[in-house]
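Written below as structure tokens is the structure these notes are about.
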Amino acid sequence: MKRSKRKLFVASLILVMLAFTLLSSCGDRNEDTGKRTEDIEINSFTVGYVPEQLYNNGQFSDADISATAEMDGESAIYMVIDFSYTVVKDIGNGHAISLRVRHSNPQCFGFTVDSAPTSSIEETAENTNTTFKADFSMPAEKGETESVRVVFRIMPVRKGEVGMNIWLTGSYGISLYNNDTILRQTISNPGADISYDLNADGKSYSVVSINKELSEINIPNRHKDGLPITRIRSEAIYSSNLTKLTLGDFISEIEADAFYGSFITKENGISYVDGWAIDCDTELTEAVIRNGTVGIANGTFNECELLESISLPDSLEYAPSKIFGSLKSIKKISVGDANSHFTAIDGHLYNKDCTTLMRYCPVEGKIRFDIPQTVTKIDEYAFSYATNLSYLPLPDGITVISDYAFYLCTALKETDIPNSVTYLGNHAYYRCSSLTNINIGTGVAKIGDYTFANCTSLEHISIPKNITRIDRRAFEYCSKLSWISISKSVTYIGVWAFIGCSALREVYYEGTEQEWYKIVIDSNNEDLVISKFYYNQYID
């Protein structure tokens, strides 16, 4: 059940009241293709926000400013909100800010936050309105000031009229200040040679589509406003007419399925576009990336389930963090000796200075692996499907355990997460079904989404005193979990965090009963809340 926040989040402020009107009603839409059958044009909208101190310990002020944006039917509006906050009162359980967007016509518009320290995003229906919600964790101590950038994207879907309200909700004890508010408009005109979107960082662009009538296209290094073009989005360059494509020098990421057309070349089962490997034949067991290749696109090997070995050339500069995430059969990776970005040790892939372990390749009969002491980051899917490993000691220098890092390590029996780890990723130990013992270090501030979900052999867990959040489905279907010890630093337990924990009988809570009822506990945690509680007790 969801408990009242009571005094944890007692103050809210209206940051922005945004209202604009589209001058015609919602037009028809082709449901099969999702394409708009009519162009829409936003003539203007008015933005209201507080220019100086937005909120100070319960005191409100207001002011407004107006701006105008022109936009065609294929474009999106980007509103970049820069603000800072100062912790003026240390309430002992962390601070948070929530962004809300309430709009009355979801058929006409869509919304997303492209950049922010976001912990969760959801969209919910409230009567006749739809509310878009994004929660931000605010990591700061008393007296500290931090800056936050939110890139808020408004995406047109159809013609129509829509009203919106945008506001922030802040926790007690922080002051918010406006730094600057910038309205940006993506250059995405129908019929333009290349269409772009502003990236989440607000400092670079992605290619999102091209003029399909052209036979040759050169992606420039920079957008006309001077910002670099760094990414090619999925399905951005699909054309039966295009025969030649040249990519700009600043491209560093290509999303999966970004290309289709005769400009794609193939060599030894690997498909290429202007220096990038983008796909491989599904029956390939050994992949040799040709020299001169500068990057590997996301999803290049997603369908290559038979792939057992891969050779990376000296020229390779860019590779996605989850380069072999979906592969179960990969046994060996080799890298050219002169490569200045990556290296391979005993068939495992690292960055050049061996601070990031990118991919471990299982060795038949080997049940233990010792991570080099130089490693500070374990990449996404680095040990995924390493079903042979029972013992995997983590060195003290590791600071980041990325999302899905140990996904489906079904033989792993225990893990000691060192104090040096400050980020423990979502799904990090998902479906580690033999995991019986977990010790979490003092550097981790939250347990993320699905972090220990489906660890079906886990019988007990102690949540250390530095943890403030247990996010959604964190211990979902840990069916043998019989007791849990929770420190009083915890202020939030997410939806379904303990769903399916049918054996859970006892909860040892460090604080008092009154302190327990101040914790925000989202719905579907019945197995937790009906357990027997022992207050003022904590088991390390």
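- In this structure, a donor-acceptor pair under 3.5 Å is absent between the side chains of T399 and S420.
- For the pairing with P320, the side-chain contact (heavy atoms from CB on, under 4.5 Å) check across I254, T300, I296, D379 returns one residue only, I296.
- Residues Y381 and F324 keep their aromatic ring centres 6.0 Å or farther apart.
- Residues R472 and D449 are paired through a salt bridge, judged by an N-O separation under 4.0 Å between the basic side chain and the carboxylate.
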message = Between F259 and E235, is the side chain to side chain contact (heavy atoms under 4.5 Å, CB included) condition met? List the steps.
response = CA-CA 6 Å; F259 306 106; E235 299 186 7; over 6 Å; no

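- Residues E308 and K332 are not paired through a salt bridge, judged by the lack of any N-O separation under 4.0 Å between the basic side chain and the carboxylate.
- Distance check, rounded to the nearest 0.5 Å: CD1 of I447 to CD1 of I417 gives 8.0 Å.
- Between V507 and V529, the closest side-chain pair of non-hydrogen atoms is not below 4.5 Å.
- Side chain of S315 to backbone of G292: a donor-acceptor contact under 3.5 angstrom is found.
- Salt bridge annotation for K266-D281: present, with a cationic side-chain nitrogen under 4.0 angstrom from a carboxylate oxygen.
- The aromatic rings of F369 and H348 stand perpendicular to each other, their planes meeting at an angle above 60°, with 30° marking the opposite boundary.
- S433 contributes no side-chain N or O that, together with a main-chain N or O of T456, makes up a donor-acceptor pair within less than 3.5 Å.
- Remark: the backbone N or O of N339 is paired with a side-chain donor or acceptor of K352 at under 3.5 angstrom.
- Here L435 contributes atom CG and N454 contributes atom CG; the two are 12.0 Å apart, rounded to the nearest 0.5 Å.
- For the residue pair E253/N298, the side-chain donor-acceptor check at 3.5 Å is satisfied.
- Across all non-hydrogen atoms, the minimal contact from A411 to T387 is CB-O, 3.2 Å.
- Between the NZ atom in K331 and the CD atom in E364 there is a gap of 7.0 Å [rounded to 0.5 Å].
- Checking side-chain atoms of N525 against main-chain N and O of L528 turns up no donor-acceptor pair under 3.5 Å.
- In terms of modelled atom types and a separation under 3.5 Å, the side chain of N437 and the main chain of E414 share no donor-acceptor contact.
- Counting all heavy atoms, side chain and backbone alike, Y538 lies closest to S485 at CD1-OG, 3.1 Å.
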request  = Given side chain to side chain contact (heavy atoms under 4.5 Å, CB included), test M358 with Y350 step by step and report yes or no.
outcome  = CA-CA 5 Å; M358 298 180 66; Y350 302 82; 5.7 Å; no

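- Under the 4.5 Å side-chain criterion, counting only non-hydrogen atoms from C-beta, T230 is not in contact with I251.
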ask   = Step by step, would you call E510 with K465 a salt bridge (Lys or Arg N to Asp or Glu O under 4.0 Å)?
value = CA-CA 9 Å; E510 182 187 24; K465 299 182 179 182; 3.2 Å; yes

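- Tested against F383, the residues Y404, Y360, Y429 include a single ring pair (Phe, Tyr, Trp, His ring centres under 6.0 Å) partner, Y360.
- A 4.5 Å side-chain heavy-atom check between V421 and V444 finds at least one atom pair inside the cut-off.
- Here the closest non-hydrogen pair linking I467 and R469 is CG2-O, 3.3 Å.
- Formation of a donor-acceptor pair under 3.5 Å by the S434 side chain with backbone atoms of T410 is found in this model.
- The shortest heavy-atom contact between A382 and L357 is CB-O, 3.7 Å.
- Residues passing the side chain to side chain contact (heavy atoms under 4.5 Å, CB included) test with N302, sequence neighbours excluded: S326.
- For the residue pair P464 and S489, the shortest heavy atom distance occurs at O-OG, 3.9 Å.
- Counting only N and O atoms by type, the side chains of R473 and T451 include no donor and acceptor under 3.5 Å apart.
- Between W483 and Y508, the angle of the ring planes goes over 60°, which puts this pair in the perpendicular group of the 30/60° scheme.
- Contact check for L312 versus L349: side-chain heavy atoms found under the 4.5 Å cut-off.
- More than 12 heavy atoms of other residues, nucleotides or ligands lie within 6.0 Å of CG in D353, so this atom counts as buried by the packing criterion.
- Side-chain atoms of S206 and I229, non-hydrogen and from C-beta on, never get closer than 4.5 Å to each other.
- Between L284 atom CG and E305 atom CD the span is 13.0 Å, to the nearest 0.5 Å.
- With N199 contributing its side chain and Y205 its backbone, the two residues share a donor-acceptor pair below 3.5 Å.
- Between the side chains of S531 and D527, no donor-acceptor pair is found at a separation under 3.5 Å.
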key: side chain to side chain contact (heavy atoms under 4.5 Å, CB included) between T282 and L306, worked out   = CA-CA 7 Å; T282 56; L306 303 179; over 6 Å; no

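- Counting heavy atoms from C-beta on, the side chains of R368 and P393 come closer than 4.5 Å.
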task = Could you go through the side-chain hydrogen bond (donor to acceptor under 3.5 Å, both in side chains) check for D522 and Y492 one step at a time?
result = CA-CA 8 Å; D522 274 344; Y492 173 78; 2.6 Å; yes

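- Atom-to-atom distance recorded for F301:CZ and I278:CD1 is 11.5 Å, nearest 0.5 angstrom.
- The pair E459-K480 fails the salt-bridge criterion, with no side-chain N (NZ, NE, NH1 or NH2) lying under 4.0 Å from an Asp/Glu carboxylate O.
- Panel note: side chain S462, backbone I539; a donor-acceptor pair is recorded below 3.5 Å.
- With hydrogens and angles left out, the side-chain atoms of S482 and R505 include no donor and acceptor closer than 3.5 Å.
- Side-chain atoms of I270 and Y272, non-hydrogen and from C-beta on, do get closer than 4.5 Å to each other.
- The aromatic rings of F498 and F475 sit parallel to each other, their planes meeting at less than 30°, with 60° as the upper class boundary.
- Distance CG/D274 to CD1/I264: 12.0 Å, rounded to 0.5 Å.
- For an aromatic pair to be called close, the ring centres must be under 6.0 Å apart, and H341 with Y318 fails this.
- Between Y430 and Y407, the ring-plane angle classifies as parallel under the 30° and 60° cut-offs.
- Remark: side-chain polar atoms of N426 are not paired, donor with acceptor, to backbone N or O of D403 under 3.5 angstrom.
- Side chains of I371 and L392 form a contact here, defined as non-hydrogen atoms less than 4.5 Å apart.
- In this structure, E255 contributes its side chain and S234 its backbone to a donor-acceptor pair below 3.5 Å.
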query = Going through the checks in order, is the side chain to side chain contact (heavy atoms under 4.5 Å, CB included) test met by S384 and F406?
reply = CA-CA 5 Å; S384 61; F406 304 104; over 6 Å; no

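- Taking the charged nitrogens against the carboxylate oxygens, E506 and K532 have no contact shorter than 4.0 Å, which rules out a salt bridge.
- Taking all atoms of both residues into account, the shortest heavy-atom contact from N388 to P362 is OD1-CB, 3.6 Å.
- Between F533 and W516, the ring center distance clears the sub-6.0 Å criterion.
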